[in-house]
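Structure first, commentary second.
Remember, it's a predicted structure, so these values are computed and weren't measured experimentally.
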Amino acid sequence: MRTVETDLLRRLAAMPFLDRLEAAAVSGWSKGAAYNAVEALEREGLAVSVSHASELIPPTRRYGLTAAGLHRLARAEGMTVDELLRLYPVSEQWRRILLERLDAVGVIYRLASAIAGAAFPVRFRWYRAAPVDAAIGLPGGRVLAIVRQGRTADRTAFAKRLWRLREGPRPSAVLLLVPDEVRLRHARRLLAGAPFAAYLAPERDVVSAGTGAPVWSTVAGTAPIGLADALARTKPWGAWPGEELPVRGSLPDDISDGNDGDWMLPALLKPTEKRALDLVSDWPWLAPAHLGELLGVKRSRLSGIIAQLTALGLAASAETEGGRRLVPTDRGLTVLARRDRASIGAARKRWSTSPLDLTAPLSWRNVSGSRSRQLLRNAEHTESVHWFAAVLERQAHSRGRELVQLDPPHRASRHFRHGGSLRSVHPDAFGILRHGGSATPFFLEWERRAVRPVTMAERIAPYLRYFSSGRPVDDHGALPIVLVVFEDDLNATHFLRVAGGEMDRSGVRVPLFVSHRDLLEQVGPLGPAWRIPGGGEPSYAFR
């Protein structure tokens, strides 16, 4: 066997499911040599490929070693197959773990490829249950720990992961990948005072940035730097994260795109279908029409997406008083939790709809997940928030703006210190709307119950505390606006008066914009639909 093919066998043992571009980058071979070697291994039955694509990774094929490939590598390395299964992540158990995390695997491999372009050669190691997802060894004894925060990761659970990371062996630096800027700022606070250097970046930027683009932030919050600069600052002689080797491992079974196990779903689903599952998970009891608006797809395409998710048992379509609604199934929740290293039990406890009898009248009392049950119990309010999000997405697209972030209630809350106590705001949604080079963060409150002055004052009070704390800018990098929507104009007018009085009394100014449903249905969230305390005619909230 040629040297390049033997080297590729080693690479695929240490880094299962590399694609050909990534294999060329981390091995140092030319693209042509790497492509030819991959084709030779697949032709000889030593490697097998699966298709993969996500929102961040374009369609590609990823390669893993077959049982025959492992036997060939064991002979080349002078070890037994059992030793190989213990030393490398190539057992059947490891294969399922990596396939379940395939979207994260693709992002981390793209990062590893960029690192190899700046510091070669590199060594790579995956971890199953350690606080880190992977680690990369660089020349000079430097060790980079890679930690990815998944989209569905619970805030408290992820904070515990970072605490465990502090307590373990100290790498030269930590590279932390986050879903968005808000969670980047939260993670930065969690890593303050950590005994190692840390660099943070949104994973969307990491995939496309390469080594030079300044997308990495430090814990101190200084100006962003490029990957090459971060590596140049990294001190040598870091420790590899620890994790016990498995006692034994079984040879992997044959895989193909036709397998129907949960672990194969990240390879089977198309990017739009993955995005749809994320949206249904974020916004349970979502109307199909609203899902179509959030996805930006036509009705014919939407029908195919929903049919695929329901056929695979990832989502269910239930009849409610307001019409058909989409919810994630337990299988869908499991797929997302495993992708993001989140707790399956916690996800089901909060969001499960099982047992969901689609033939019987639906009642919130029959829904097992605590948060999903609450959303169905307040179905009109839930539908109103979904409607607002869908209309905003459609209107933003038509006006050349981008809704770069839209968080559901369970990710929109903010916690802060005020008066020596831990306080919080719990909006119905949080988003960031970008226009050109500027971005406007916003909170949404859809109000149905605040109809008396006392309850109206109670609704504005958390925001008065929040905006007096200095945390809004720390959390978002800019001052967010607060959008409050009422069902009718009368309550909206009363709330403006009460909120204005509370701001005058407290001396705290909240960037408050108030509207009502009838006006929003006429001009939309980006139109002249919003009034401010003490203001006159409705104007624009987003500039």
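Note that NZ of K274 is 12.0 Å distant from CG of L309, once rounded to the nearest 0.5 Å. Here the CG-CZ distance, from D475 to R183, works out to 13.5 Å after rounding to the nearest 0.5 Å. Rounding to the nearest 0.5 angstrom, the gap separating the CG atom in L336 from the OG1 atom in T152 is 6.0 Å.
The residue from R148, R151, R101 that alone fulfils the salt bridge (charged side-chain N to carboxylate O under 4.0 Å, His left out) condition with D340 is R148.
Partners of P441 according to the side chain to side chain contact (heavy atoms under 4.5 Å, CB included) rule, which considers only residues two or more places apart in sequence or in another chain, are F430, I432, H476, A478, P480.
Checked by atom type, the side-chain pair S54/D103 shows no donor-acceptor distance below 3.5 Å. With no hydrogens or angles considered, a side-chain donor-acceptor pair links D428 and H381 at under 3.5 Å. Remark: the R348 side chain and the T334 side chain contain an N/O donor-acceptor pair separated by less than 3.5 Å. For the residue pair S49 / R61, a side-chain donor-acceptor distance below 3.5 Å is found, with atom types taken as modelled. Side chain to side chain, R62 and H52 meet the donor-acceptor criterion of an N or O pair below 3.5 Å.
Cation-pi geometry between R325 and W285 is not satisfied (NZ or CZ under 6.0 Å from the ring centre, within 45° of the ring normal).
Residue pairs meeting the side chain to side chain donor-acceptor pair (under 3.5 Å) criterion with at least one member in residues 223-243, sequence neighbours excluded, do not occur. The ring pair (Phe, Tyr, Trp, His ring centres under 6.0 Å) contacts involving residues 121-152 comprise Y109-F124, Y109-W126, F124-W126, where partners must be two or more places apart or lie in separate chains.
Between F388 and W530, the ring planes are perpendicular. Angles over 60° get that label, and only those under 30° would be called parallel.
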